[in-house]
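Chain A is the first sequence line, chain B the second, and so forth, proteins listed ahead of strands; every chain is numbered from 1. This structure is a prediction, so every number in the text was calculated from the model and none was measured.
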2 protein chains.
Amino acid sequence: MVTRKRFDDSDCPVARSVDAIGDWWSLLIVRDAFDGSRRFGEFQRSLGVAKNILSARLRALVAGGVLESVPASDGSAYREYVLTPKGKALFPVIVALRQWGEQHFYAPGEPHSRLVDSRKEQPLRMLEVRSADGRPLDPDDTTVHKVTTP
Amino acid sequence: MVTRKRFDDSDCPVARSVDAIGDWWSLLIVRDAFDGSRRFGEFQRSLGVAKNILSARLRALVAGGVLESVPASDGSAYREYVLTPKGKALFPVIVALRQWGEQHFYAPGEPHSRLVDSRKEQPLRMLEVRSADGRPLDPDDTTVHKVTTP
DNA sequence: CGGCATCCGATCGGATACTG
DNA sequence: CAGTATCCGATCGGATGCCG
């Protein structure tokens, strides 16, 4: 049988991450979770994804420890999906993808959504990435760095 | 006809990035490019991917402006694939994925590869992510930030 | 509303053979 | 070595209907 190649046993952390996330849908679900979505219907409306696909992805993300299924906070009979610490740790990935998209796929001044948390409505805060020794980064530097959020 | 949903016209930068990268293979190709791979065979051996798939992905990445096809530097008749500035800008994405994988898919002390650039063999440099106003990041903070590399 | 089951066309991707 | 071409099973994923 010809199975799809897996990367969960690769010796590369990037490959293992890729394998654990699963597919793009999952990443967009995580994005929506950071953006405040918690309910099945919220994800579904936001993503425009088929319900069976969403269902399968949510299940996989819960199984992978990225999301956690908890009782609805409003007392209804349904479940809500919230990010686990492991899921929250994907924040830099989402931010990095967002940055790349903003830099390369938008005309200057073209508006785009999801710049702030839709729930808290907090303004954008600027972060800087700099080396620990204070030297600025060479944009052409392709060395593999280790990024930590202190 | 039922076509796969595209995100290139989404108003979300994350979705546009996801759409532009295409699939996980493409991301791993970019990872290898950061790691020093340039030749078709290098990518093929490193990834273990079928040649037709690799061929298609390389073509898509070149078409998308992430890679550039240049004459081989050693004078041979073949092509090499190097990162464009747009491709190099994916560096934070790769690093973020690597970090997540290191934190969640490796036993403490378990070795993993690709921690340094295989060509330059430079040592790991530590980066810190901090807010521009100097305050440390709250790990529970789900606000959407903007990350810049000055 | 939140989900599961089923169908089925579209796409993915591994294997292999072939070319220069 | 660097691809291209073709085959074909496996998987993806949109649409739809059903149910509590």
(Q) Closest-nucleotide mapping onto DNA chain D: is Y78(A) or I53(A) further toward the 5' terminus? I mean the 5' end. (A) I53(A)

(Q) Go nucleotide by nucleotide along DNA chain C from the 5' end; which of G41(A) and V49(B) gets its closest nucleotide reached first? (A) G41(A)

Q) Using a cut-off of 4.0 Å on non-hydrogen atoms, how would the nucleic acid contact of N52(B) be classed: base, sugar-phosphate, or nothing? A) base

(Q) For S26(B) and D23(B), which I'm curious about, is there any donor-acceptor pair between the side chains at under 3.5 Å? (A) yes

Q.
With a cut-off of less than 4.0 Å, is there a side-chain N or O of R79(B) near OP1 or OP2 of dC1(D)?
A. no

Q. With a non-hydrogen cut-off below 4.0 angstrom, is F43(B) in contact with a base, only sugar-phosphate, or nothing?
A. nothing

(Q) Looking at dG3(C), I'd like to know if its phosphate oxygens (OP1 or OP2) sit under 4.0 Å from a side-chain N or O belonging to S55(A). (A) no

Q. Which part of the nucleic acid does R45(A) contact within heavy-atom distance under 4.0 Å: base, sugar-phosphate only, or nothing?
A. nothing

Q. Is the distance from OP1 or OP2 of dG3(D) to the nearest side-chain N or O of R59(B) less than 4.0 Å?
A. no

**Q.** Geometric cation-pi criterion R16(A) and Y106(B), 6.0 Å radius, 45° cone
**A.** yes

Q: Provide, to the nearest angstrom, the distance between the CG atom belonging to L28(A) and the P atom belonging to dG13(D).
A: 11 Å

Q.
Rounded to whole Å, how long is the line connecting atom CG of L54(B) with atom P of dT4(D)?
A. 10 Å

Q: Return yes if some donor-acceptor pair links the side-chain N/O of Q44(B) with the main-chain N/O of F40(B) below 3.5 Å, else return no.
A: no

Q) Looking only at side-chain N and O atoms, does R39(B) come under 4.0 Å of OP1 or OP2 in dA2(D)? A) yes

Q) Side chain of W25(B): nearest nucleotide among dG13(C), dG2(C), dA15(D)? A) dG13(C)

(Q) Are V82(A) and V66(A) connected into the same hydrophobic cluster when the rule is that any two of I, L, V, M, F, W, Y join if their side-chain heavy atoms are below 4.5 Å apart? (A) no

**Q.** Euclidean distance, atom CD of residue Q44(A) to atom P of dG13(D) [Å, nearest integer]
**A.** 15 Å

